[in-house]
Chemist: 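The structure follows.
Everything numeric in this text was worked out from a predicted model, so none of it was measured. In what follows, chains carry the letters A, B, and so on, assigned in the order in which the sequence lines appear, proteins first and then strands, with residues in each chain numbered from 1.
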Amino acid sequence: MSPIVYYLTTLVVFFFIFAISTWGLNLQFGTAGILNFTYITFFAIGGYFTGVSMLGRPDALSNMRYILGLNLPFPIALLVGATAAGVLGLLVGLVALRRLRSDYLAIVTVSVGAIVYDFVNVNTGLFNGADGIAGIPYPFNDSLNLDPNTYTFFYIALTGLVTLVLGLLAFRIYNSPLGRTLRAIREDADVASAFGKDSYRFRMIAMVVGCVYAGIAGGLLVGFISALNPGGWVAGETFLLYAALLLGGRGNNWGALLGAFLVPVLFQEATRYLPQIPGHAELIPALRNMIVGGLLIAVLWFRPEGILPERKAKFPGVEYLKKRKAALEVG
Amino acid sequence: MSVLAQSVGFGLITASVLALAAVGLSLQFGVTNYINFAYGEFLTIGAYLAWTLSHGLHLNVYLALVVATLIMGVLALLLNRFLLRPFTKKGVPLLFLLVVTFGLSLFLSNLTLAIWGPDFQSLDLPREVPHAFGPFLFTTSQLTIIGIAAVAMGALHILLTRTEIGKAMRAMSDSVDLAQISGIDTDRITSFTWLLSGCLAGLAGIVLAINITSFQPNFGGEFLFVIFAAVILGGVGSPYGAMLGALVIGLATEMSAVLINSAYKNDVAFALLILTLLLRPQGIIRMAGKAA
Amino acid sequence: MADGTAPGPILEVQNLVYSFGGLRAVNGSTFSINTGGINALIGPNGAGKTTLINVVAGALKAESGTVRFNGTDITGWQSHRVALQGLIRTFQISRELGGMTVLENMLIPPPQQSGENIFNAMFRPALGHRQDKILVEKALARLDDFGLYDSRDQYARNLSGGQKRLLELARGVMAEPKLMVLDEPFAGVNPALIELLEGHLLKLRDSGITFVMVEHNLNVVERVCEHVVVMAEGRTLATGKLSELRKNEEVITAYLGGALTAHPKAAAVDAHVVGHAERAEPILRASGLTAGYSKVPVIQEVDVQAEPGKVVAIVGPNGAGKSTMLKSLFGLLRNSSGEVTLAGTEIGGWPAFRIARNGMAYVPQVINVFPNLSVFENLEMGGYTLKSGRQERVAEVLDIFPDLKTARAKKGGNLSGGQRNMLGMARALMLNPKVVLVDEPTAGLSPAYTSIVWEQILRVAGLGTAVVVVEQNVDLAVNHADWVYVLVAGRNRLEGPASEVGREDLPSIFLGGESPANLAAEPTVRSGSST
């Protein structure tokens with residue numbers, strides 16, 4: 001496979017992974033108004049748990065220390081990862097969602113992010129500390145036995161399928177009465193509860209499901225790059241997703257998809273291979289992050305609704321509309 | 001000298017650093033009623049400014065400390081004037097305002113990285129000599145940190161209780177509307193608050209850098225949640241609560257480092273933050289009229 | 001529904017208590033509401049009506065007492081649980097879900113939406129959509145009924161003020177409530193719309209919904225409410241029919257303050273001036289003042305003026321826009337128009353702090369002190385813009401209010417209600433203002449303190465200051481002020497020297513309808529369908 005094709009296929013997988021992440025964030029931030037400033041932590045937890053579930057028991061040979069080591073097949077490992085992310089989301093929600101002010105949730109998430117990052121680094125027995133886990137078997141490859149090129153296309157199909165399913169579900173949630181109630185809570189939680197909506201429970205649902213999305217995306221990444229270390233999920237990644245969602249259009253899953261393409265894929269990848277400035281390897285990534293931070297602010301100033309704003313709900317095939325129309329024509 | 005006594009000594013030093021930072025964050029929150037998530041980067045920038053002034057421009061380290069503190073204050077003032085104030089004037093919802101400060105934190109931390117690079121730097125005070133105080137043993141720089149914090153807290157107390165601008169800040173923290181009715185130019189007080197908050201953050205960053213001996217562009221951001229723990233434990237918006245919270249967190253983290261394991265210092269701060277949110281969300285000192 | 005012989009009580013409130021800080025907003029309120037019909041909860045400002053609603057609906061937690069709904073003890077329940085029992089409340093200021101369409105607003109309240117379950121939402125979307133279809137039909141029919149059909153796909157934030165009020169009611173009905181508690185459903189609604197809303201209420205009542213509404217417009221209450229509960233100072237004062245309550249001395253006193261006797265002559269409807277007193281050159285003059293909150297004008301084309309050394313009182317029934325007028329004068333409302341001149345300078349559009357620096361002071365009703373600042377510091381803040389002599393001025397002002405002198409080191413938040421009011425006024429005097437605006441200084445105070453507060457007001461005027469006082473207690477106003485304005489429904493209704501105004505038929509203006517004297521002679525009441 002030519003480097004160009006390889007690069008492009010990689011981008012496709014990344015696009016799928018970012019799309020899933022942005023949809024999850026859209027459920028939390030765009031739909032329910034939950035300010036989760038450490039979304040990437042849930043992504044990482046999903047990735048780690050997927051990885052250590054697929055790896056065998058740690059042995060001296062691999063020179064890694066980690067928990068589980070269950071030799072599980074990928075789909076089940078992915079479920080373990082998704083569950084772990086969801087459980088962490090539940091725990092964070094238990095502490096932070098009872099207070100209505102968004103500051104508190106944001107503070108708790110920032111703190112959880114810092115503490116989990118610390119914890120994973122310090123407790124090397126968990127996910128092999130700062131070195132991270134590596135050598136995770138390629139999903140299904142032992143039974144498929146494909147050559148690397150074909151396998152890449154297989155993985156595109158696999159992530160594509162997961163993305164399709166999760167996308168469908170994201171759209172369904174958004175368009176369901178559940179999505180409507182979440183938006184009502186985002187607009188005014190007092191009003192929602194005056195109509196019998198338990199805003200704590202509903203926000204918790206959005207929190208957990210959003211985190212599960214992050215966990216699955218993390219698991220898919222680990223399945224693809226077969227490694228994960230703390231350098232791969234620094235706080236900056238959360239900003240990238242916020243920038244994607246805000247630019248694309250919060251509260252709109254198509255917007256989230258567009259944003260996932262524009263920011264993490266097009267912008268981030270397009271600048272990833274800019275020539276390094278000798279002796280200043282950090283300069284280009286730093287400038288890139290500055291642009292992401294600036295973009296976040298600029299979008300909120302110039303076009304807070306994003307490129308594809310949230311759309312008004314449509315209810316096709318309503319009899320009443322026809323009756324009214326008929327009545328008008330007769331009258 | 002006992003290990004426990006030494007841990008209390010370390011606790012006092014950490015509490016000193018934390019008090020400077022926590023009071024600055026709390027004051028700004030009290031007056032503007034939103035949390036600044038870029039506050040950690042203010043600490044970082046303060047430390048790097050001091051480093052550049054003392055290492056690059058060969059300024060006396062104490063003079064560098066003062067100048068860097070002031071520059072950081074002015075930077076905070078400008079950030080409020082040209083970024084945050086326009087957003088608040090526009091009536092942007094709290095949710096988005098927080099995202100703005102969040103985006104600002106990414107921008108500033110990478111600006112720091114671009115300017116100063118990823119290498120570890122250190123900010124040293126000259127003539128390190130150990131001093132014994134009863135059971136405590138402090139180095140010169142540690143004493144300096146405690147001294148700076150003590151003087152700053154004293155000065156703040158005088159500012160808040162004796163000067164008109166400090167009282168106006170407290171008044172605004174109580175009720176912005178009533179402050180306006182009383183003829184207080186709330187925009188000016190807000191500007192001053194950002195200046196002060198920036199100075200305190202810069203100073204906190206410098207003493208933190210001195211204390212941990214070497215620092216990197218992300219060290220302020222990583223310290224942010226410890227500051228949150230102190231602010232929330234003390235009662236959000238209350239400067240005296242923040243001092244108290246800093247003392248509790250400082251002692252608790254350093255003593256746990258001795259009693260349990262130094263690797264869990266941050267976890268102790270985190271546990272205190274979570275416990276406070278669950279058990280007493282209004283903090284130790286409850287401010288009348290402030291939402292918990 | 002009308003004379004329903006034995007419908008059980010749907011809502012029983014017993015000894016309910018709730019306090020804000022030191023003030024007992026609801027103080028042992030007890031009453032019960034029978035199933036069926038439209039009931040009113042009335043009372044002067046600060047009687048605790050909205051607080052009561054918040055406690056009943058679970059938005060606030062009662063300190064003591066019980067609330068029973070349909071026989072179930074719901075005391076202390078969270079609001080969503082209360083709502084699911086069938087008790088639905090509306091809000092005083094329309095709380096539309098602005099970022100959602102009108103139709104979507106209507107689809108939030110219906111209970112038992114299976115599509116709200118996460119698994120149904122993900123895996124059985126048809127379930128939710130099928131139910132939605134039925135709900136949409138219902139909602140559209142309801143919107144059509146309320147004249148909002150054409151706005152169904154608009155964002156709710158873009159509705160007019162009146163439409164928002166209609167949506168508030170229509171949306172509540174979608175929750176299929178047994179009991180609806182309405183918080184001032186007619187506030188800021190124009191006369192044409194009032195009639196429409198009344199019609200809807202009557203129709204909904206006939207469909208079996210019981211209503212309790214807090215309402216200031218007693219003409220509306222008279223027309224649609226069968227049963228009225230009067231609250232004052234956090235307690236239930238009296239219950240019964242409005243026609244009877246009008247004659248109740250206690251009720252009249254609660255509303256007007258003193259024993260103002262009714263006069264047989266009917267009050268004129270148009271705005272007019274009584275008496276022929278000459279007025280001095282005004283220092284403050286407002287003309288054509290129109291202001292309100294988010295598209296709902298609360299006052300319209302109001303004219304007011306005040307002269308140095310005189311006390312001008314502004315009275316009027318609840319919801320007349322008295323406090324709104326003060327805020328508008330002081331530049332605290334964004335959407336105000338009209339002309340305001342202070343000592344000859346046009347100050348319309350100035351920010352509040354600039355007005356404060358130019359000789360006008362304002363004492364708000366609710367938050368009038370800085371709770372975490374000492375009395376002394378509160379006064380210093382009042383004199384914030386003084387270049388010099390601040391300490392001397394504090395001493396001077398403390399001389400005017402000796403009570404505060406002893407409490408000078410106390411925190412504002414720890415003062416009693418009366419002392420707080422006094423501190424608020426003292427703070428306002430710090431800049432030696434030409435005009436002081438005072439909003440309801442006697443609300444919630446004991447009678448003893450009330451007279452002290454008015455003595456202070458007169459003393460302030462004696463210093464040559466023009467004082468504009470919004471006063472709930474009409475009796476106090478006509479007994480102390482020099483000139484009285486009566487505002488009704490956001491407009492000038494009556495003005496004149498206090499003595500002349502006091503001779504007018506104020507009970508009928510305040511309690512609506514015919515005057516009590518006439519009612520006594522002619523006891524028939526026209527009220528909905530109850531006879």
Chemist: What's the shortest heavy-atom distance between B:G183 and C:T385, and which atoms?
Modeler: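 What the structure gives for the nearest pair is O-CG2, 3.3 Å.
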Chemist: Identify the two heavy atoms, one from B:S182 and one from C:L431, that lie closest to each other, and give their separation to 0.1 Å.
Modeler: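 Looking at all heavy atoms of both residues, the shortest contact is O-CD1, 4.4 Å.
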Chemist: Within a 6.0 Å radius of atom NZ on C:K61, are there more than 12 heavy atoms belonging to other residues, nucleotides or ligands?
Modeler: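 No, NZ of C:K61 has 12 or fewer neighbouring heavy atoms, counting only those of other groups under 6.0 Å.
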Chemist: Counting only heavy atoms closer than 4.5 Å, note whether C:N378 contacts chain B via side chain, backbone, both or neither.
Modeler: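 When you check distances to chain B, no heavy atom of C:N378 falls under 4.5 Å.
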Chemist: Could you pull out the closest heavy-atom pair between B:D174 and C:L373, with the gap in Å?
Modeler: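 Here B:D174 and C:L373 meet closest at OD2-N, 3.7 Å.
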Chemist: Is there side-chain contact between C:E380 and B:E164, with at least one heavy-atom pair below 4.5 Å?
Modeler: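 A side-chain contact under 4.5 Å is absent here.
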Chemist: Please flag which part of C:V369 lies under 4.5 Å from any non-hydrogen atom of chain B: side chain, backbone, both or neither.
Modeler: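 Backbone only.
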Chemist: What is the distance from atom OH of C:Y384 to atom CD1 of B:I184, rounded to the nearest 0.5 Å?
Modeler: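 Output value for this atom pair is 6.0 Å.
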Chemist: Roughly how far, to the nearest 0.5 Å, is the NZ atom of B:K167 from the CZ atom of C:F376?
Modeler: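 Separation between the atoms: 7.0 Å.
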Chemist: Provide the closest heavy-atom pair for C:N372 versus B:R170 in the form atom of the first, atom of the second, distance.
Modeler: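 In this case the closest contact between C:N372 and B:R170 is O-NH2, 3.3 Å.
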Chemist: Taking all atoms of both residues into account, what is the closest heavy-atom pair of C:R427 and B:L178, and its distance?
Modeler: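 It is NH2-CD1, 3.5 Å.
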Chemist: Return the option, out of C:K411, C:M360, C:M430, C:R390, with the maximum number of heavy-atom pairs under 4.5 Å with chain B.
Modeler: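 Result: the option with the highest number of such pairs is C:R390.
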Chemist: Do B:I181 and C:L332 come within less than 4.5 Å of each other through their side chains, counting heavy atoms only?
Modeler: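 Yes. Closest side-chain heavy atoms under 4.5 Å.
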Chemist: If you compare all heavy atoms of C:E377 against all heavy atoms of B:T161, which two are closest, and at what distance to 0.1 Å?
Modeler: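 It is OE2-O, 3.9 Å.
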Chemist: Quick check on C:F330 against chain B: is it the side chain, the backbone, both or neither that has a heavy atom closer than 4.5 Å?
Modeler: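 Just the side chain, heavy atoms under 4.5 Å.
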Chemist: Does atom CD (C:Q78) have a neighbourhood of more than 12 heavy atoms from anything else shown, all under 6.0 Å?
Modeler: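 Result for CD/C:Q78: open.
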